[in-house]
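Notes for the one structure printed next.
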Amino acid sequence: MRWSNYYLMTAREAPRDAEVVSHQLMARAGLVRRLAAGIYTMQPAGWRTMRKLMAIVRREMERAGAVELSMPAIQPAELWEESGRWFKYGAELLRMEDRHGRRFCFGPTHEEVITDLVRRDVKSYRQMPLNLFQIQTKFRDEIRPRFGLMRGREFIMKDAYSFDADEEGLDRSYQAMYDAYSRIFEACGLEYSVVEADQGAIGGSSSHEFMVLADTGESAIASCAACGYGANVERAEVGTLAQPAEGGGNAGGDGPRRVSTPGATTVAEVAGMLEVDRTLVVKTLIYETDDGLAAVAIRGDREVNEVKLLNVLGGLGLRLASAEQVAEATGGPLGFSGPVGLSPEVRLVVDESARALADFVCGANAGDEHLVSVRWDRDVAGARPLEWVDVMTAEAADPCPRCSAGQLRISRGIEVGHIFKLGTAYSESMNCTFTDEQGRLRPAEMGCYGLGIGRTAAAAIEQGHDDDGIVWPVPLAPFTVVLSSLDPGDEAVRSAADGLYEELEAALAPGGFDVLYDDRRERPGVKFKDGDLVGFPVRVVVGARSLRAGGAEVSNRQDGEREVVPLDGVPQAVLSRL
RNA sequence: CGGGGCGUAGCUCAGCCUGGUAGAGCGCACGGUUCGGGACCGUGAGGCCGGAGGUUCAAAUCCUCUCGCCCCGACCA
């Protein structure tokens with residue numbers, strides 16, 4: 001491709017709304033253009049990167065036995081009502097009506113459509129296993145789209161769905177996708193890790209996320225270097241916590257004592273006023289759930305993980321209760337709640353972090369008062385059975401939940417892939433059944449597997465850039481090589497560059513590599529800056545000076561290492577750098 | 001949805017407080033000088049100042065409404 005005929009316009013400055021580096025560079029390099037909040041045009045060079053990524057994804061999906069198809073983006077409401085998600089999915093589901101008043105949505109994902117398809121076609125265990133995938137535009141009406149392609153509303157996703165006759169089959173299909181995803185991110189040259197994940201709105205029994213490691217990632221990951229445990233912090237478990245402090249002066253006694261704690265509404269204030277360690281205070285939060293109010297007790301130095309809590313309590317969502325609701329549940333004002341004497345209407349769950357506590361401090365459910373010397377068995381369990389749960393947020397240096405030696409480390413990542421074992425959740429609700437070997441009717445065991453195309457490209461930039469611009473991994477660069485002719489007016493240079501261009505195209509094509517020939521009538525500085533900005537992995541420069549030095553200059557974007565090689569040696573020199 | 005901010009040339013922004021004929025840099029076009037890391041000089045094109053309404057002799061500027069965009073938050077008792 002000749003740049004003079006191509007559509008690739010760079011800019012010195014990024015648009016004001018570009019916040020993260022991948023978005024700024026994609027905009028400056030002329031790869032994407034924002035059309036509306038969270039909605040982008042892929043300009044030609046950006047689309048080339050997407051196409052290369054999609055080719056890698058296709059190759060590995062097919063290698064793993066998946067079969068490509070294409071499903072509609074617009075989907076009828078009835079299907080979503082059948083699965084129960086028309087209401088459950090919430091406001092992220094973009095809904096619309098046609099001229100007859102029939103209701104549709106723009107598909108955020110395709111479980112309903114694929115399940116509907118397969119239930120009509122697949123009737124026997126002999127037709128399975130099956131794995132179907134597509135690469136297609138999705139729409140999710142995010143509350144707050146941001147960060148360019150990282151969290152768009154309209155985005156391109158590879159989604160795959162597996163159907164198996166039994167759980168063992170699902171395990172095999174899941175593992176095949178796990179391996180395929182690993183090969184994909186490997187092939188892209190990305191540094192990634194695989195972690196256990198929360199299932200969220202999709203539902204199902206187990207899942208893993210593929211995270212590209214980057215400090216700007218929106219996801220927090222807890223991992224253990226000793227045993228390899230890794231999980232999204234939304235889900236991460238924690239080993240048994242040490243209980244560093246003793247009850248001190250509050251130990252013993254026949255029961256809880258009321259103490260005055262005027263104005264102390266936070267754990268830190270209470271601990272300071274009573275001169276006890278924060279780990280000896282039990283924090284009690286009141287939540288509003290789909291089933292009424294619930295109280296969560298947790299050790300004072302710990303934070304509640306609302307994703308875990310939602311999984312424990314069930315329902316679609318939860319929020320911290322208002323002051324009025326707290327008064328209804330506890331009889332006291334906000335800031336003085338405790339597990340003793342809660343309204344019997346209120347469900348109480350207690351985090352494991354507070355289990356080892358005896359003679360602890362907690363709110364008295366009365367203004368400006370706390371209780372000291374409280375015990376679970378004697379003072380709380382009498383009124384109600386205790387429900388021990390894990391709803392704490394993992395923190396750095398927490399003990400590993402899987403091995404005795406390790407400590408958790410918290411890092412950040414960009415979620416580029418997510419695989420789920422769905423089990424029979426959809427096949428049951430949508431009646432996707434088959435006849436097994438014994439002639440019985442059974443629901444199919446399903447899995448689903450998503451991979452964000454645009455987000456992976458953005459993640460590659462987050463991981464690969466410097467002050468001058470993008471540093472693409474070779475497989476994802478819009479063009480592998482940029483050939484810059486510095487003196488297009490000079491006949492010797494022009495013919496040398498023209499010749500090189502043809503030779504390079506021929507030499508690179510078999511490996512799937514490509515060349516952008518910068519034949520524009522621009523000054524050298526502009527060509528260098530543009531090449532660095534767009535991030536072509538290898539640069540070949542031909543100019544009057546390089547010809548005098550014996551040929552063309554070949555260099556790498558990544559480390560800038562350059563050499564002058566004779567013209568006929570250029571293709572080989574380029575290939576050796578890929 | 002709550003809070004904050006911003007909409008002026010293709011891009012980044014000034015002008016607004018204190019109303020009086022629309023500005024800069026980059027980019028673009030043309031001419032000249034340059035030519036290995038975003039050149040310089042000159043000339044020029046390009047704007048219903050997001051939209052509607054109001055106040056005023058007069059509105060980019062003041063007021064009201066509206067649309068769009070961005071950021072933070074939607075959290076700890």
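A note on names: the letters A, B, ... follow the listed sequences, proteins ahead of strands, and every chain is numbered from 1.
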Distance-only donor-acceptor test (3.5 Å): side chain [X], base [N]:
| X | N | result |
| --- | --- | --- |
| A:Asp487 | B:G36 | no |
| A:Asp532 | B:G37 | yes |
| A:Arg34 | B:G68 | no |
| A:Glu553 | B:G36 | yes |
| A:Arg545 | B:G37 | no |

How long is the line joining [atom1] of [X] and [atom2] of [N], in whole Å?
| X | N | atom1 | atom2 | answer |
| --- | --- | --- | --- | --- |
| A:Arg523 | B:G36 | CZ | P | 7 Å |
| A:His23 | B:C70 | NE2 | C1' | 11 Å |
| A:Ile39 | B:G68 | CD1 | P | 12 Å |
| A:Glu288 | B:C76 | CD | C1' | 16 Å |
| A:Arg153 | B:C70 | CZ | P | 9 Å |

Is [N] paired to anything, Watson-Crick or G-U wobble with both distances less than 3.5 Å, and if yes, which nucleotide?
| N | result |
| --- | --- |
| B:C17 | none |
| B:A52 | B:U64 |
| B:G37 | none |
| B:A29 | B:U43 |
| B:G2 | B:C72 |

Practice item. Report yes if at least one side-chain N or O of A:Arg12 is closer than 4.0 Å to OP1 or OP2 of B:G27; otherwise report no. Key: yes
**Study point:** Residue-phosphate contact under 4.0 Å: A:Arg16 side-chain N/O, B:C69 OP1/OP2
**Key:** no
Check your understanding: Can you check side chain to side chain contact (heavy atoms under 4.5 Å, CB included) on A:Leu533 and A:Leu25, steps first, answer last?
Key -> CA-CA 7 Å; A:Leu533 175 60; A:Leu25 290 176; 4.0 Å; yes
Give me the distance, rounded to whole Å, that separates [N] from [M] when you measure between the [atom1] atoms they each carry.
| N | M | atom1 | answer |
| --- | --- | --- | --- |
| B:G38 | B:C26 | P | 14 Å |
| B:A39 | B:G5 | P | 39 Å |
| B:C71 | B:U64 | C1' | 26 Å |
| B:A24 | B:G46 | C1' | 15 Å |
| B:U56 | B:G47 | C1' | 25 Å |
| B:A45 | B:A29 | P | 16 Å |
| B:C13 | B:G51 | C1' | 22 Å |
| B:G3 | B:A60 | C1' | 27 Å |

Check your understanding: Taking the six-membered ring of A:Trp388, is NZ or CZ of A:Arg355 closer than 6.0 Å to its centre and within 45° of its axis?
Key -> yes
Exercise for review: Mark yes or no: A:Arg103 above the aromatic ring of A:Trp86, with NZ or CZ under 6.0 Å from the six-membered ring centre and no more than 45 degrees from the axis.
Suggested key: yes
Report which part of the nucleic acid [X] touches: base, sugar-phosphate, or nothing (heavy-atom distance under 4.0 Å, all strands).
| X | value |
| --- | --- |
| A:Pro333 | nothing |
| A:Ala14 | sugar-phosphate |
| A:Arg302 | nothing |
| A:Ala321 | base |
| A:Ser484 | nothing |
| A:Arg548 | nothing |
| A:Arg562 | base |

Review point. Do the ring planes of A:Trp80 and A:Tyr89 sit parallel (below 30°), tilted (30 to 60°) or perpendicular (above 60°)?
Key: perpendicular
**Study point:** Selection from B:U12, B:G36, B:C70 that lies nearest to any side-chain heavy atom of A:Pro524
**Key:** B:G36
Check your understanding: Considering only B:C76, B:G38, B:C71, which nucleotide approaches the side chain of A:Leu533 most closely?
Key -> B:G38
Check your understanding: So, do A:Phe479 and A:Tyr517 have ring centers that fall under 6.0 Å from each other?
Key -> no
Point to revise | 4.5 Å side-chain heavy-atom contact, A:Asn365 and A:His370 | key: no
Practice item. For A:Met96 and A:Phe106, run side chain to side chain contact (heavy atoms under 4.5 Å, CB included): C-alpha distance rounded to whole Å, both residues' side-chain angles, the deciding distance at 0.1 Å, then the answer. Key: CA-CA 8 Å; A:Met96 61 196 104; A:Phe106 198 110; 3.7 Å; yes
Revision key, fill the gap. 5'-most contact on RNA chain B (nearest-nucleotide basis), A:Ala544 vs A:Gly38, goes to A:Ala544
**Study point:** 5'-most by nearest nucleotide on RNA chain B - A:Gly335 or A:Ala36
**Key:** A:Ala36
